Structures are given as structure tokens and as C-alpha cells.
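Below, read A as the first sequence line, B as the second, and so on, with proteins coming before strands; counting in each chain starts at 1. What you see is a predicted model; the values in this text were computed from it and never measured. Atoms considered below: every heavy atom in the structure, side chains included; atoms not considered: hydrogens, waters and symmetry mates.
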2 protein chains.
Amino acid sequence: MALSQELARGTVMPIVLALLNEQPMYGYELVKTVNDRTNGVLQFKEGTLYPLLHKMQSQRLIKAQWETAEDTGKQRKYYHITSKGEKLLTESKTQWQQLSEAVNVLLALG
Amino acid sequence: MALSQELARGTVMPIVLALLNEQPMYGYELVKTVNDRTNGVLQFKEGTLYPLLHKMQSQRLIKAQWETAEDTGKQRKYYHITSKGEKLLTESKTQWQQLSEAVNVLLALG
DNA sequence: GTATAATACATCGGAACACGATGTATCGAT
DNA sequence: ATCGATACATCGTGTTCCGATGTATTATAC
């Protein structure tokens, strides 16, 4: 996860929900997007993401759909968020804000 | 940890370091202090904290000292931070800020 | 043209962390 | 005399994440 510590634990699912809330994406795309947007601070691993996507699918937070890329002809599994996933995303955002505030106070960061 | 999710994983050690950097404290006091200062958003559990304190002591991040409370006469194990702990605290704060920034971007929270 | 890197999916075992349950002991309040 | 709070502790379990490993295709480099 690039951060040497295990600080980022628990953030993966909320981040996946947030990205899929913007637009449907496939797994490999999620990995690259997170890496790009955070300048490598967060780096999803495939060994983390693929099992998580399957789990989220079984929990009906997301749905999957195979598509063939127009350019490359490769098979891609696109995921899109469900209404149940949207609800969890909203809750997760609130929880993250609460956690963030609490940790900032305790670490004396304002 | 009060937050229903496992979002707060990895924050316990940095928080302990930050509090002990203010002043020496004993375990039970750390539990109550975190609960108070975050209005219950974060709640350290004794089953989490005591083993962690032992581990941090073995890593020479903190040192322990038994003292007898003047008021109650109870035995309390006071922990204070070491210079090695201070260094880790500095790094942990930076890591937290990086993580916080990255997650805020991805969750579209500014 | 053939090797290598990138794309794109997947599984599995292990490690780290946090927690609930449980235990001991003391002290103050009811 | 009982109960809750204080104050320490251990241990097994569950969750999450990761590295290693595997398959297959496509684009790039030599």
C-alpha cells in the first residue's frame, strides 16, 4: 500500500465504491487510477482488489459485466455500483470524516 | 473502535505515541482519554491496548514504570515515550497526512 | 520474428491487527 | 454485602491485505 504502515487498512472498499460511483470501471483500471490520482501514496494490489471485488459483488454492493474493449479487443470485467453500494458509500464517507477529525485531534494536527 | 468499520486500523499506535508525547500515562488512562477527546468516535479496547503497549515496549518505543497513585493507592504502570518513539511519531504524522489527503481526493471530499 | 513488458483476470496461504471473552485484584458506593 | 469502576493481563478468532504464483492476450523492443 506504499505507506509502509498498515494505516490504510479499511480504506480500500470505500475508495472502490467512490470510484465506481463516478463511472463503471474494471479491476485493472481501478488499480491504475488509484496509483495515478494519489501519486503513488496509495497503491492497490491485485491480490487485494480482485478478491475484494468478488466479495463486494456477493454482498450486492456492485455488479459485474463483461465487455470487449473496442481498441484492444481484450475482455474486461466492468463493475458498476448498486443502490446498496451508494448507501454504504455515503455512510463510509461520514465515518471517514469522523475518523479523520478524531485522529487529527489526537495527533495534534489541528 | 466504535466506527462500525475497520477503518481505524493502524491508528492505535500513532495515537498512543502522540498522547505519551504530551505526558506519561498509564494504560487505563489512555483508554479513557481517547474516548473523552473524540467524544466516543474512537474507543480503545483493553484487549487491544495492553498487548500493544507490551509490544511497543519490546520495540523500545516506550518505557514503563510502576507507580503508586497518591489518592487511591492503586498500582499504575506509567508509560513514557523514548527518542525512538518520538522519531516514529514524526514519521507517523507525515504518513497520516499523506493518507488523509489521498483518501479525501478519492472520496471526493476536497 | 521472437523475447519482453504491459494488460487483465484469478487464487491461495500467511501475517498483522484489533476485538471479545475471560480472568485477577482493589476500592468506593449503595 | 454487593455492584460498578479502576487497573492490569492473556488468548483465540476474524478480518483485511499482500506476496507469490498462475493463465492468457497484446503491444513493444531488439
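Under the side chain to side chain contact (heavy atoms under 4.5 Å, CB included) criterion, Q43(A) pairs with A2(A), N35(A), K45(A), sequence neighbours left out. The side chain to side chain donor-acceptor pair (under 3.5 Å) search around T68(B) returns Q75(B), not counting sequence neighbours. For the side chain to side chain donor-acceptor pair (under 3.5 Å) test, no residue two or more places apart in sequence or in another chain qualifies with E101(B).
Taking atom CZ of F44(B) as the reference point, atom C1' of dT6(D) lies 19 Å away to the nearest angstrom. With rounding to whole Å, E6(A) atom CD is found 9 Å from dA15(C) atom C1'. Rounding to whole angstrom units, CD of residue E70(A) and P of dT26(D) are separated by 16 Å. Protein atom CD of Q59(B) is 11 Å distant from nucleotide atom P of dA16(C), rounded to whole Å. Rounding to whole angstrom units, OH of residue Y79(A) and P of dA8(C) are separated by 14 Å. At whole-Å resolution of the value, CG in L7(B) and P in dC19(C) are 12 Å apart. Taking atom CZ of R76(A) as the reference point, atom P of dT7(C) lies 10 Å away to the nearest angstrom. Atom P of nucleotide dA7(D) and atom CH2 of W66(B) are separated by 11 Å, given to the nearest angstrom.
For T72(B) (side chain) and A69(B) (main-chain N/O), no donor-acceptor pair under 3.5 Å exists by modelled atom type. Here the side chain of K93(A) pairs no donor or acceptor atom with the backbone of L88(A) at under 3.5 angstrom.
Closest of all the heavy-atom pairs between A8(A) and L99(B) is CB-CD1, 3.7 Å.
With contacts defined as side-chain heavy-atom distances shorter than 4.5 Å, the pair Y28(B)/E46(B) qualifies.
Legend: ring pair (Phe, Tyr, Trp, His ring centres under 6.0 Å) pairs involving residues 87-110 of chain B, not counting sequence neighbours, sorted by first then second residue: W96(A)-W96(B).
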Can you give me the N/O atom pairs linking the protein to nucleotides 25-28 of chain C at distances under 3.5 Å, or say none if there are none?
residue: dT26(C); atom: O2; partner: K74(B); partner atom: NZ; Å: 2.7

For residues 16-27 of chain A, dump all side-chain donor-acceptor pairs below 3.5 Å to protein atoms at least two apart in sequence or in another chain.
residue: E22(A); atom: OE1; partner: R37(A); partner atom: NH1; Å: 3.4
residue: E22(A); atom: OE1; partner: R37(A); partner atom: NH2; Å: 2.9
residue: E22(A); atom: OE2; partner: R37(A); partner atom: NH1; Å: 3.1
residue: Y26(A); atom: OH; partner: R76(A); partner atom: NE; Å: 3.4
residue: Y26(A); atom: OH; partner: R76(A); partner atom: NH2; Å: 3.4

Less than 3.5 Å apart, which donor and acceptor atoms pair up between the side chains of residues 47-55 of chain B and the rest of the protein, not counting sequence neighbours?
residue: H54(B); atom: ND1; partner: Y50(B); partner atom: O; Å: 3.3

For residues 60-67 of chain B, which side-chain donor-acceptor pairs fall under 3.5 Å, sequence neighbours excluded?
none

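For the contact set between residues 46-54 of chain B and DNA chain C, defined by any heavy atom under 4.0 Å, the members are G47(B), T48(B). Residues from residues 19-39 of chain B with heavy atoms under 4.0 angstrom of DNA chain D, sorted by number: Y26(B), G27(B), Y28(B), K32(B).
OP1 or OP2 of dG20(C) has at least one side-chain nitrogen or oxygen of K45(B) nearer than 4.0 Å.
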